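These notes concern the structure reproduced below.
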4 protein chains.
Amino acid sequence: MNAEDRPMRADARRNRVRVLRAAETVLAREGLGASMRSIAQEAGVGLGTIYRNFPTQEALYEAIIVERVQRLIDHAATLREAVDADAGDAFFGFFTEIVANSTRQRALADVLVEAGIDIKAGMSETGKAMREAVEALLARAQRAGAVREDLRMPELLALLSATCMAAERNQWDDALRARALGLLFDGFRPQRPEGWAPPPKPDRAR
Amino acid sequence: MNAEDRPMRADARRNRVRVLRAAETVLAREGLGASMRSIAQEAGVGLGTIYRNFPTQEALYEAIIVERVQRLIDHAATLREAVDADAGDAFFGFFTEIVANSTRQRALADVLVEAGIDIKAGMSETGKAMREAVEALLARAQRAGAVREDLRMPELLALLSATCMAAERNQWDDALRARALGLLFDGFRPQRPEGWAPPPKPDRAR
Amino acid sequence: MNAEDRPMRADARRNRVRVLRAAETVLAREGLGASMRSIAQEAGVGLGTIYRNFPTQEALYEAIIVERVQRLIDHAATLREAVDADAGDAFFGFFTEIVANSTRQRALADVLVEAGIDIKAGMSETGKAMREAVEALLARAQRAGAVREDLRMPELLALLSATCMAAERNQWDDALRARALGLLFDGFRPQRPEGWAPPPKPDRAR
Amino acid sequence: MNAEDRPMRADARRNRVRVLRAAETVLAREGLGASMRSIAQEAGVGLGTIYRNFPTQEALYEAIIVERVQRLIDHAATLREAVDADAGDAFFGFFTEIVANSTRQRALADVLVEAGIDIKAGMSETGKAMREAVEALLARAQRAGAVREDLRMPELLALLSATCMAAERNQWDDALRARALGLLFDGFRPQRPEGWAPPPKPDRAR
DNA sequence: CATGAATGAGTATTCATTCAT
DNA sequence: CATGAATGAATACTCATTCAT
């Protein structure tokens, strides 16, 4: 009658994690085409163990994403609370962190998107939490004047996602990431005051 | 016995193009999981005909990318030559065009990347041409003062690629694309002169 | 160390029955493809408990059949002893009962046969008992003149089995069962006396 | 543009038949649990070839039934037309034939029923044809006075199906089949005239 | 040359059975 | 003793690729 939390759950829980880790590894190594079998091998468990924990390949992939997003949310929360100093640093630091993370986890993008297309059930909740975390960071940074007022969530998320995907896929190195984010962030900052004029073009004769 | 470049070449060439078009269509419709068979059906040819023109699925996908990139290169060339007026418009217009294109061609990103990871042979040439085309646009726009001097090719291409991928994958609508590119381009423009200071913060209580 | 027939026997026996009942239910609901797991769930026990009582899926299925046949045997015995009145009624009533039973227990046929093909061990005993029960009913009905003298066990059992299987599989409704059995039983009755001639054909023109 | 009837269709058609034959063989040998792979092996073709001809395991099984039923229908037609002599012989001969056939084709019953449960598409047509063929034989036999007037299709088909299933499953030998059908057919014949009384029971005093 | 039939390795998933807890 | 987690063989089905016609 009771079957909720008993002993041996330790092993089971450990296996769930092992599968999740293995899936990340294999996905990173072999891309979206990775087979359940290779994940099982990497995890050192039987195929059935995967299916006990995740009823479906898609479910496994979704779990990976949910977990990652959750980590980011936690990180965002940490930043939000820890930094009294500079809301701008928190905001930009968060995104830098996210992208840096992505770079180390190839093929998440595949998953992210493929699964993300018909994101459902448990995802929506995580998604909402993520959205809220970002929204809070953005609002604070805008209040602090570190980010332009007219920056809105949709394009922010769109560009963030774009950057993550590309960083993962194309394995940006640290320098490239820094430069690309630098450019991007410059576009996020409050722009020139009205009435500002570009310096006279040198108009180098051809 | 000898057959290098003569009669039926017309038919053959026509078939190659039909396959290429069909592949784009099907890829856009069914994503990376599309089968060679459905491409053949879409093209109205037999499976064998595809394999006559493209020894491998990968080769076909590569050909699609090469062709697309070539179109972009041509477009860039047109812009470069046609516009004496404004090098900035040419530069920004080109990227806007590219991204808008992407949006209409879902799943190219899959292909682009999946195939692009070990892009080889014929690709390098096209890639070089692309690079040169972009380089020329960038140089002119910088000379005209429309783009910051410290913008370099690697990060430019990285961000461009990122934006294209995301636009395709997530099907950005026109408004989102405009806003996202607006932000991105703001980061590309010459930034504030030295000594410039942000306007005094409103310091809204609360 | 020694444990043959003592305390917890109650629980154990109860579990055996629960599993048996659950198996019948699930088999009826899901057909031959039913899994051991769903039987366990239906029974409200763990998988291991099933395997403690029945070493094998096949053994469980066999047990179901044995049990059912036993019930029928008991029923036959009841009829044989209770009815002094009419041996014919006992005979025909028994078979009607059997078939009606079958109708309510879909998928037994699958089991019956699939398992029955290599019916072994414990079965032979039950089978013999069944055979004897039927034989007794038949003999008495024949002695009473209610059943033709030349009806022998093999074809009787063959047709009985056939009718049960079909009734189960095709879910005969009450009316169909009644009509089909009516026909069958007419064939079991003493046939026309020698010298009997069919009535003159109406010889309907056309 | 045209792709309906070309050469090499010979091979393809031959393969379709080979698969069908192999499926019958394997089904007879291994029962309903037979795997597509063993059918392919028996047929001496690749797995893909089966799936080219029959999109689904179920479709293959359905094809087997349709084909068999078709053969029976043809047989029925032959009998109906050929026999001016005796409509009764045609009727009883047909069913004897059907059951004899079944005996030689174990496991058709599994298929017949399993597939028959959700009989669809192409089946309904064949089913209708079968029904009509039987109906014609029955009507003629009844007109000829060889079969009782009150025998109706539903119970006729029910008992026929039952007998086939059992004959297949339990591998009735020729003698058993003859005796069982004899009994069954006796029930189909016109029964005793009204007013007929059973011969006086010997009333053996036990 | 074009066609599409054939091939079979590879995929996700299920399920009987075992055994550590 | 009961439990249910783990196992992995087995299954239906897909799809890139080859090759006879």
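All of these numbers come straight from a predicted model, not from anything done at the bench.
Taking CG from Leu60(A) and CG from Leu20(A), the interatomic distance works out to 6.5 Å, rounded to the nearest 0.5 Å. Note that CD of Glu62(D) and OG1 of Thr56(D) are 10.5 Å apart. Values are rounded to the nearest 0.5 Å.
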Dot-bracket for DNA chain E, please. Rules: Watson-Crick or G-U, both distances under 3.5 Å, ( ) within the strand, [ ] when a pair crosses earlier ones, | for another strand, . otherwise.
.||||||||||||||||||||
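dT17(F) atom P lies 14 Å from atom CZ of Phe54(B), rounded to whole Å. Rounded to a whole Å, the CD1 atom of Ile50(A) is 18 Å from the P atom of dC15(E). When rounded to the nearest whole Å, the span between CD of Glu58(C) and P of dA16(E) equals 13 Å. Atoms CG (Asn15(D)) and P (dG4(E)) sit 17 Å apart, rounded to a whole Å. Taking atom OH of Tyr61(B) as the reference point, atom P of dT17(F) lies 10 Å away to the nearest angstrom. Distance CG (Asn53(C)) to C1' (dT3(F)): 14 Å, rounded to an integer number of Å. In this entry the distance linking CD of Gln41(A) with P of dT11(E) reads 11 Å, nearest Å. Regarding Ile39(C), its CD1 atom lies at a distance of 16 Å from the P atom of dG4(F), rounded to whole Å.
Annotation: side chain to side chain donor-acceptor pair (under 3.5 Å) contacts of Arg52(C) (sequence neighbours excluded): none.
Across Tyr61(A) and Ala34(A), no two heavy atoms sit closer than the pair OH-O, 3.8 Å. Shown here for Thr49(B) and Asn53(B), the closest heavy-atom pair between the two residues is O-ND2, 2.9 Å. Across all non-hydrogen atoms, the minimal contact from Ile39(A) to Ala22(A) is O-CB, 3.7 Å. Considering every non-hydrogen atom in both Gly44(C) and Arg18(C), the closest pair reads O-NH2, 3.5 Å.
When each of Arg37(A), Arg29(A), Arg21(A) is paired with Glu42(A), the salt bridge (Lys or Arg N to Asp or Glu O under 4.0 Å) condition holds for Arg29(A) and for no other.
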Strictly under 3.5 Å: I want the nitrogen or oxygen pairs between protein and nucleotides 8-11 of chain F, one per line.
{"residue": "dG8(F)", "atom": "N7", "partner": "Gly48(A)", "partner atom": "N", "Å": "3.4"}

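A donor-acceptor contact shorter than 3.5 Å links the side chain of Ser35(A) to the backbone of Ser38(A).
Judged by closest nucleotide on DNA chain E, Arg16(D) is the one of Arg16(D) and Pro55(A) placed further toward the 5' end.
A sub-4.0 Å separation between OP1 or OP2 of dA12(F) and a side-chain N or O of Thr56(D) is absent.
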